[in-house]
Peer 1: 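Quick one: this structure, given as structure tokens, is what I'll be asking you about.
This chain uses plain numbering: 1 for the first residue, then up along the sequence. Every number for a ligand or one of its atoms is a count from 1 in the order of the listing.
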Amino acid sequence: MADKGPRIFSGIQPTGGLHLGNYLGALRNFVELQATHECIYCVVDLHAITAPHDPSELRQNTYEAVAAFLAAGVDARAHIIFNQARVAAHSELAWVFNCVARYGWLDRMTQFKEKVGKHRAKASVGLWVYPNLMAADILAYKAQKVPVGDDQRQHLELVRDIAQKFNHDFCPKDEPFFPLPEPLILKSGGRVMSLRDGTRKMSKSEPSSMSRILLTDDADAIAQKIRKAKTDALPCPAERDELPQRPEAANLIGIFAALANKPQETVLADYGGKPFSAFKADLAALTISTITPIGAEMARLLGDVTHLEQIMSDGAARAQAIARPIMKKVKELVGFAV
Ligand code: AMP
Ligand code: TRP
């Protein structure tokens, strides 16, 4: 096989309701990286069961996520798309990493703390060790780079700590086994915030559906959500240094810049001092022209589940072929008599 460049791994959870944050922070980047990397993109269904779920919804959401990869422009022939549960290496290596990662490391994970709040005792143990599974996802393929949104930065640091400790504990000094994977986080679009509160990230779990734009929203829904997006009483900002005190305005400017592939300065110069209504009309048009073709293609693909299943099983077979020799060596290094 021709050298396709450094190997990339990334994952998206099939929890339903993929949104503009997933697109700008992750999917769009996944598509671009295909030209210069060997890409493995995974629908992480094992991660999705760390929270209570409905089995039939999980399956449907898995198809939806595969459809989103394809509709955004991932090439399933040149690269790999599959769902995590089809490749046992993820669970096997995650167990080894449960025994490599230290309790204190996981205790620092802010995403876990944010997710469980005061109800820590009721959280699944899987949610607690979720970052170890993420480490297994990446390292089962010795992936070198991991495109993610900014919210995953801390998890990626933990993955590096796990790789380093495994190498230290089980490998000769001059022969480390795992690479230390690097996050690829976009400056523009890496952190899209809620349309209702510019200090919280846009997320599937926020109760108000007006807080996020879904990839499956139609033009009217997108226009309405942007028209109603929270702003402040002032006109559009003109200078970058106004943005920290104006989180909602900053978020909308950031989304515009990311979608238009322009620096924020250009957007500030174009709209500074103008009323938000004019800016929002242009932002809605830009969002609609980017998102609705993806939504339409997702709907078309979801009409042929057999085709999606075929893509997943083919992708899983190729993923497995990469992971197999790596897992064999892990077992040898750890000392399993297999
Ligand atoms: P998830 O659906 O939580 O598995 O996230 C899938 C990908 O989307 C990850 O790379 C996240 O970092 C990214 N992502 C999720 N929410 C946002 C957001 N609000 N802004 C930017 N990226 C995000
Ligand atoms: N934890 C990531 C998220 O919630 C999803 C994920 C799971 C992932 N495994 C991964 C991302 C491996 C990158 C690499 O967004």
Peer 1: Could you point out which residue of R196, R212, R200 forms a salt bridge (charged side-chain N to carboxylate O under 4.0 Å, His left out) with E206?
Peer 2: R200
Peer 1: Compute whether any side-chain donor of one residue and acceptor of the other, for H79 and E38, lie under 3.5 angstrom apart.
Peer 2: no
Peer 1: Near G25, which atoms of ligand 1 are under 4.0 Å from a heavy atom of that residue?
Peer 2: 21 (C), 22 (N)
Peer 1: Using a 4.0 Å cut-off to any heavy atom of F9, which atoms of ligand 2 qualify?
Peer 2: 12 (C), 14 (C)
Peer 1: Which residue owns the protein heavy atom closest to atom 2 (O) of ligand 1, what's the atom, and how far is it?
Peer 2: K204 NZ, 2.9 Å
Peer 1: How about F82 and I40: do any of their side-chain heavy atoms sit closer than 4.5 Å?
Peer 2: yes
Peer 1: Taking 4.0 angstrom as the limit and counting only heavy atoms of V148, give me the atoms of ligand 2 inside it, by number and element.
Peer 2: 11 (C), 13 (C)
Peer 1: As an exercise, identify every atom of ligand 2 less than 4.0 angstrom from a heavy atom of Q13.
Peer 2: 4 (O)
Peer 1: Give me the residue, atom name and distance of the protein heavy atom closest to atom 11 (C) of ligand 2.
Peer 2: G11 N, 3.4 Å
Peer 1: Quick one: nearest non-hydrogen protein atom to atom 7 (C) of ligand 2, plus distance?
Peer 2: H47 CE1, 3.5 Å
Peer 1: Does K280 have any salt bridge (Lys or Arg N to Asp or Glu O under 4.0 Å) partners at least two apart in sequence or in another chain, and if so, which?
Peer 2: none
Peer 1: Please write down residue, atom name and distance for the protein heavy atom closest to atom 15 (O) of ligand 2.
Peer 2: Q152 NE2, 3.3 Å
Peer 1: Is S203 in contact with ligand 1, taking contact as a heavy-atom separation below 4.0 Å?
Peer 2: no
Peer 1: Considering only the protein, which heavy-atom contact is closest to atom 12 (O) of ligand 1, and what is its distance?
Peer 2: D151 OD1, 2.5 Å
Peer 1: Taking N or O atoms only and a 3.5 Å limit, does M202 qualify as a polar contact for ligand 1?
Peer 2: yes
Peer 1: If the cut-off is 4.0 Å to any non-hydrogen atom of V146, which atoms of ligand 2 fall inside it?
Peer 2: 13 (C), 14 (C)
Peer 1: Using 30° and 60° as the class boundaries, would you call the ring planes of Y41 and F30 parallel, tilted or perpendicular?
Peer 2: parallel
Peer 1: Is there a side-chain contact between L302 and Q60 in this structure, where contact means two heavy atoms from C-beta onward sitting under 4.5 Å apart?
Peer 2: yes
Peer 1: Using the ring of each side chain (for Trp, its six-membered ring), is H90 parallel, tilted or perpendicular to F9, with breaks at 30° and 60°?
Peer 2: tilted
Peer 1: Show which atoms of ligand 2 fall inside a sub-4.0 Å distance from at least one heavy-atom site of V44.
Peer 2: 7 (C), 9 (N)
Peer 1: Hey, is ligand 1 close enough to I12 that some N/O pair sits below 3.5 Å?
Peer 2: no
Peer 1: Side chain, backbone, both or neither: which part of I138 comes within less than 4.0 Å of ligand 2 when only heavy atoms are counted?
Peer 2: side chain
Peer 1: Just jot down the ligand 1 atoms closer than 4.0 angstrom to any heavy atom of A26, in number order.
Peer 2: 7 (C), 8 (O), 10 (O)
Peer 1: Are I222 and D218 close enough that some pair of their side-chain heavy atoms sits under 4.5 Å apart?
Peer 2: no
Peer 1: What protein heavy atom sits nearest atom 3 (O) of ligand 1, and how far away is it?
Peer 2: Q13 NE2, 4.1 Å
Peer 1: Within the 4.0 Å heavy-atom shell around G190, which atoms of ligand 1 are there?
Peer 2: 20 (N), 21 (C), 22 (N)
Peer 1: Under a 4.0 angstrom heavy-atom cut-off, which atoms of ligand 1 come close to Q152?
Peer 2: 12 (O)
Peer 1: Would you kindly specify which portion of H19 sits under 4.0 Å from ligand 1, judged on non-hydrogen atoms: side chain, backbone, both or neither?
Peer 2: side chain
Peer 1: Return a yes/no value for D137: is any of its N or O atoms, backbone included, closer than 3.5 angstrom to an N or O of ligand 2?
Peer 2: yes
Peer 1: Once you round to the nearest 0.5 Å, how far does OG1 of T15 lie from NZ of K204?
Peer 2: 3.0 Å
Peer 1: Please list, in number order, the atoms of ligand 1 under 4.0 Å from a heavy atom of R191.
Peer 2: 20 (N), 21 (C)
Peer 1: Can you confirm whether D217 sits close enough to T292 that some side-chain heavy atom of one is under 4.5 Å from a side-chain heavy atom of the other?
Peer 2: no
Peer 1: Would you say G149 has any N or O atom under 3.5 Å from an N or O of ligand 1, going by distance alone?
Peer 2: yes
Peer 1: Among all protein non-hydrogen atoms, which one is nearest to atom 22 (N) of ligand 1, and what is the separation to 0.1 Å?
Peer 2: G21 O, 3.2 Å
Peer 1: Do V192 and ligand 1 have an N or O pair less than 3.5 Å apart?
Peer 2: yes
Peer 1: When the ring planes of F170 and F166 are compared, do they come out parallel, tilted or perpendicular, using 30° and 60° as the limits?
Peer 2: tilted
Peer 1: Whether the D75 and Q34 side chains hold a donor-acceptor pair (N or O, under 3.5 Å, no angle test) is what I'd like checked.
Peer 2: no
Peer 1: Using a strict threshold of under 4.0 Å (side-chain N to carboxylate O), is an ion pair present between R102 and D169?
Peer 2: no
Peer 1: How about K113: does its NZ atom have over 12 heavy atoms from other parts shown lying under 6.0 Å from it?
Peer 2: yes
Peer 1: If you count heavy atoms of other groups shown closer than 6.0 angstrom to CD of Q111, is the number above 12?
Peer 2: yes
Peer 1: How far is atom 1 (N) of ligand 2 from its nearest protein heavy atom, and which residue and atom name does that atom have?
Peer 2: Y130 OH, 2.7 Å
Peer 1: Could you verify whether a donor N or O on one side chain and an acceptor N or O on the other, from H307 and Q310, lie under 3.5 Å apart?
Peer 2: no
Peer 1: Determine whether any heavy atom of H47 lies closer than 4.0 Å to an atom of ligand 1.
Peer 2: no
Peer 1: Could you tell me if the side chain of Y23 sits less than 4.5 Å from the side chain of I213, heavy atoms only?
Peer 2: no
Peer 1: Nearest to atom 10 (C) of ligand 2, what protein heavy atom do you find, and at what distance?
Peer 2: M134 CG, 3.3 Å
Peer 1: For atom 8 (O) of ligand 1, what's the nearest protein heavy-atom neighbour? Residue, atom name and distance, please.
Peer 2: N22 ND2, 3.1 Å
